[in-house]
Amino acid sequence: MAKKRAKKVAIFVHGWDATSAVWNQPKSNPNAIKRLFEERGYLVDQLDLPGKFMAHDKDFYYYARFLAKEIEKYVVPGSLSPQDEGWADEINLVCHSMGGIVALLYLRDDIGDPEAKKRITRVITIASPFHGTSVPIKQVAHVLIPGIGDITFDVFMNRIVACYQQAQLAGPFMRRLHSLPDSTPNIKFHCIWTRGDVVVAPNHTAVLDGASNYYIDSARVGHADIMWNR
């Protein structure tokens, strides 16, 4: 899809087993986060990540490279047709769950055009397990895919997907991620996390050192509905 010209862009990155439609729920409060940015003059781009983090052959490095290409469409000359250049002076990333890990990996690792990263001013993450999670994938599936039965899970999903394997609490990937130097110190991180999250466990793994961390002290605000909770 062609990108429109805009000075300020907000790129929304969804989480596991989701699509861009997740930002538009529930219907009683459509596009709440999107509207907040649009009212402030941002062009909102809601990404659809291939495989929804459920593909067994796609890991976080794959998705970080995918995000890099999407960002570069707004900042790299010649990446779009001349009449539809998407150059942006300011880019914000808004990420839920594993989407936040993708953003952090992209910014810290040697992925993508370094000049493109300079256009990013702010990253807002919602319930992102930056240090991993101890929750079994079967439990995650029951939370994020309501109604899925044990038999259905065993038949279709009883394999460790690449991203979920990397998201294990204090695992090799997480240790490497946090050993990388912060090469983008001017980007402001805002991390939102909640006591009611049963996917990110322990909950404080959603906290990122050096970020502005916001805690929702409520057992009624969970991993998914944190995006829609007023």
Side-chain angles (χ1 to χ4, degrees), residues 3 6-16 37 42-47 49-51 53 58-80 85-133 162-193 200 204-215:
K3 307 294 183 184
K7 289 186 177 181
K8 300 194 299 182
V9 174
I11 299 177
F12 285 42
V13 188
H14 63 73
W16 191 79
F37 279 86
Y42 287 84
L43 170 68
V44 173
D45 184 2
Q46 298 171 242
L47 300 187
L49 300 176
F53 292 108
K58 295 178 173 63
D59 61 9
F60 280 119
Y61 296 98
Y62 170 89
Y63 288 111
R65 290 190 292 269
F66 180 90
L67 177 61
K69 291 179 181 178
E70 290 297 312
I71 292 172
E72 288 164 12
K73 291 179 181 179
Y74 289 104
V75 297
V76 178
S79 61
L80 299 171
E85 288 288 2
W87 291 8
D89 296 326
E90 174 187 335
I91 296 176
N92 287 243
L93 301 180
V94 182
C95 313
H96 177 243
S97 193
M98 287 190 177
I101 300 176
V102 172
L104 186 63
L105 177 62
Y106 158 70
L107 291 170
R108 286 190 173 181
D109 211 339
D110 185 20
I111 296 173
D113 187 334
E115 291 301 313
K117 295 180 183 181
K118 294 179 181 179
R119 302 290 182 91
I120 299 173
T121 59
R122 183 182 293 106
V123 179
I124 300 172
T125 66
I126 307 170
S128 292
F130 287 116
H131 301 274
T133 179
C163 283
Y164 193 82
Q165 188 174 30
Q166 290 177 321
Q168 294 305 297
L169 182 66
F173 171 81
M174 288 299 169
R175 292 197 298 271
R176 180 183 183 277
L177 177 63
H178 291 281
S179 70
L180 294 171
D182 185 1
S183 58
T184 53
N186 295 325
I187 298 177
K188 297 179 180 179
F189 269 81
H190 302 267
C191 306
I192 307 171
W193 58 297
V200 178
H204 60 75
T205 65
V207 171
L208 192 63
D209 291 343
S212 297
N213 295 288
Y214 307 92
Y215 176 52

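For clarity, every value in this text was computed on a predicted model and none was experimentally measured.
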Are [X] and [Y] close enough that some pair of their side-chain heavy atoms sits under 4.5 Å apart?
X	Y	answer
I120	I71	yes
Y62	P50	yes
C191	V207	no
L43	Y74	yes
H204	Y215	no
Y42	N92	yes

When you measure from the side chain of [X] to the backbone N and O of [Y], does any donor-acceptor pair fall under 3.5 Å?
X	Y	value
T205	G132	yes
H96	F12	no
S183	L107	yes
Q166	F60	yes
H178	A170	no
E72	D113	yes
H131	M174	no

*Is it the case that K117 places NZ or CZ above or below the six-membered ring of Y106, under 6.0 angstrom from the centre and within 45 degrees of the axis?*
yes

*asked:* Run L67 and V13 through side chain to side chain contact (heavy atoms under 4.5 Å, CB included) and show every step you take.
replied: CA-CA 9 Å; L67 177 61; V13 188; 4.1 Å; yes

*Show the numbers, then the answer: is there a side chain to side chain contact (heavy atoms under 4.5 Å, CB included) between D109 and R176?*
CA-CA 10 Å; D109 211 339; R176 180 183 183 277; 2.9 Å; yes

*Classify the angle between the aromatic ring planes of Y61 and F173 as parallel (below 30°), tilted (30 to 60°) or perpendicular (above 60°).*
perpendicular

*Look at the rings of H190 and Y214 and say which category their plane angle falls in: under 30° parallel, 30 to 60° tilted, over 60° perpendicular.*
parallel

If I take atom [atom1] from residue [X] and atom [atom2] from residue [Y], how far apart are they, to the nearest 0.5 angstrom?
X	Y	atom1	atom2	result
R108	D182	CZ	CG	5.5 Å
T125	F130	OG1	CZ	3.5 Å
L93	R122	CG	CZ	11.0 Å
D89	K8	CG	NZ	10.5 Å
R65	L105	CZ	CG	9.0 Å

Search all heavy atoms of [X] against all heavy atoms of [Y] and return the closest pair with its distance.
X	Y	answer
S97	G15	CB-CA, 4.1 Å
C95	A103	SG-CB, 3.8 Å
A88	V9	CB-CG2, 3.6 Å

*Determine, stepwise, if the pair Y63 / C163 fulfils side chain to side chain contact (heavy atoms under 4.5 Å, CB included).*
CA-CA 9 Å; Y63 288 111; C163 283; 3.7 Å; yes

*Take F189 and L104 through the test side chain to side chain contact (heavy atoms under 4.5 Å, CB included) and record every step on the way to the result.*
CA-CA 10 Å; F189 269 81; L104 186 63; 3.9 Å; yes

*Can you name the one residue among V123, T121, V75, D45 that meets side chain to side chain contact (heavy atoms under 4.5 Å, CB included) with I91?*
V75

*Please determine if K118 and E115 form a salt bridge, counting it only when a charged side-chain N lies under 4.0 Å from a carboxylate O.*
yes

